[in-house]
Number of protein chains: 2
Amino acid sequence: MASYKDKGIKMTPQRMAIMEFLDGNPDHPSAEDIYMEVKEKYPMMSFATVYKTIEVLKSRGYLLELTIDPERRRYDPDTRHHHHLICVDCKKIVDIYGDFPVNVPEEAQESFELVGNHIEFYGICPECKKERRKNNGNIQM
Amino acid sequence: MASYKDKGIKMTPQRMAIMEFLDGNPDHPSAEDIYMEVKEKYPMMSFATVYKTIEVLKSRGYLLELTIDPERRRYDPDTRHHHHLICVDCKKIVDIYGDFPVNVPEEAQESFELVGNHIEFYGICPECKKERRKNNGNIQM
DNA sequence: TCTATCTCAATAATGATTATCCTTAAATAA
DNA sequence: TTATTTAAGGATAATCATTATTGAGATAGA
């Protein structure tokens, strides 16, 4: 989401700060993550503004909403088609690029008009692997 | 989730009603869907009981929680590994069985310990296709 | 049947998200 | 630059799904 200027979005310091934070951000932040971070620079920032800006960016196609984490919605500024790998422990999300040959069976193809797909990979990230090993020393899981 | 009896779950009429409703149910109902339906038979049913029963079933592995619909959590009594096709209009979810050759790239494999995957297919269901055609006659989208 | 324990139901609490409403700032054109 | 229009910001209330609490009642095993 490189050029906001000429997209018909009214620019404000708040929006610029949010967009700047999101641009190229690989962390799939939640609304709260965005709020917390941007408030550092702009202490007058309101939570409502974060949600409203998310809505604008989403509706214009500059931001994807991820429904991976059941606790909260998370956002991805990379709008290219890609997939995600999520740590089942800490919920960290990393991007997975690549084409996977996934075609639904005939019967579904006939009735539904397919428009896309998204693969969620589940795993345990390096940090949580370490954490688990440590805990296995004392606590049994 | 055929045999609840010998799973160490204390049986009550409420739980039996919920389990009966879920057993073989292909609709991926939400907590509210379950509540609404089961309340017909058991008007004294409380919403809290639905959530608690869901929790018990989930923790014992008899029920999967789907994080596909950003509005609400939905539940799947089919705990076999399978995938889902969701209608982007009405959010109807249908099961997709089949093995898909999806392997994450090397770099992710090295760091993460993979434990599973889930493919979400997006499409437009027959009913919504019809609805869209109808609307295109008058309203432009 | 008795009793310890678990479950129920009602309701309060929480947490994320959305809506409201008035003020203020940005864009556009004179 | 300034005036005017229009949309955005901020504070806060409202909403909605989900979770926690608690006293009363039911269940299962002795």
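Only a predicted model underlies this, so the values are computations on that prediction, with no experimental measurement involved. All chains are named by letter (A, B, ...) in the order of the sequence lines, taking the proteins before the strands, and each is independently numbered beginning at 1.
Atom C1' of nucleotide C:dC8 and atom OH of B:Tyr35 are separated by 13 Å, given to the nearest angstrom. Distance NZ (A:Lys52) to P (D:dT6): 19 Å, rounded to an integer number of Å. Atom P of nucleotide C:dA10 and atom CE of B:Met44 are separated by 10 Å, given to the nearest angstrom. In this structure, CZ of B:Arg15 is placed 19 Å from P of D:dG25, rounded to the nearest angstrom. Note: CZ (A:Arg73) to P (D:dC16) measures 13 Å, nearest angstrom. In this structure, A:Glu65 places its CD atom 13 Å from C1' of C:dT18, rounding to the nearest Å. Between A:Met19 atom CE and D:dG9 atom C1' there is a gap of 15 Å when expressed in whole angstrom units. Note: CD1 (B:Ile34) to C1' (D:dT18) measures 13 Å, nearest angstrom.
Using a 4.0 Å cut-off between charged side-chain N and carboxylate O, B:Glu55 and B:Lys52 make no salt bridge. At a threshold of 4.0 Å, the pair B:Glu131-B:Lys134 counts as salt-bridged, since one of the basic side-chain nitrogens sits closer than that to a carboxylate oxygen.
Side-chain proximity of B:Thr49 to D:dG9, D:dA17, C:dA9: nearest is C:dA9.
Comparing A:Ala48 and B:Ala48, the nucleotide of DNA chain D nearest to each residue sits closer to the 5' end for A:Ala48. Taking for each of B:Thr12 and B:Arg72 the nucleotide of DNA chain D with the nearest heavy atom, the 5'-most of the two is the partner of B:Arg72. Mapping A:Glu71 and B:Met45 onto DNA chain C by nearest heavy atom places B:Met45 at the nucleotide closer to the 5' end.
With hydrogens and angles ignored, no donor-acceptor pair closer than 3.5 Å exists between the side chain of A:Lys10 and the base of D:dG9.
Below 30°, between 30° and 60°, or above 60°: for A:Phe47 and A:Tyr35 the angle between ring planes is below 30°, a parallel geometry.
Heavy atoms of A:Glu55 sit nowhere under 4.0 angstrom from any nucleic acid atom. Among the heavy atoms of the strands lying under 4.0 Å from A:Pro13 are primed sugar atoms or P, OP1, OP2 only; no base atom is included.
Phosphate proximity of D:dA26 to B:Gln14: absent, as no side-chain N or O sits under 4.0 Å from OP1 or OP2. Contact check, A:Tyr51 against C:dT17: a side-chain N or O comes under 4.0 Å of OP1 or OP2.
To the nearest 0.5 Å, atoms CZ (A:Phe121) and CZ (A:Phe100) are separated by 4.0 Å. Atom-to-atom distance recorded for B:Ile96:CD1 and B:His118:NE2 is 9.5 Å, nearest 0.5 angstrom.
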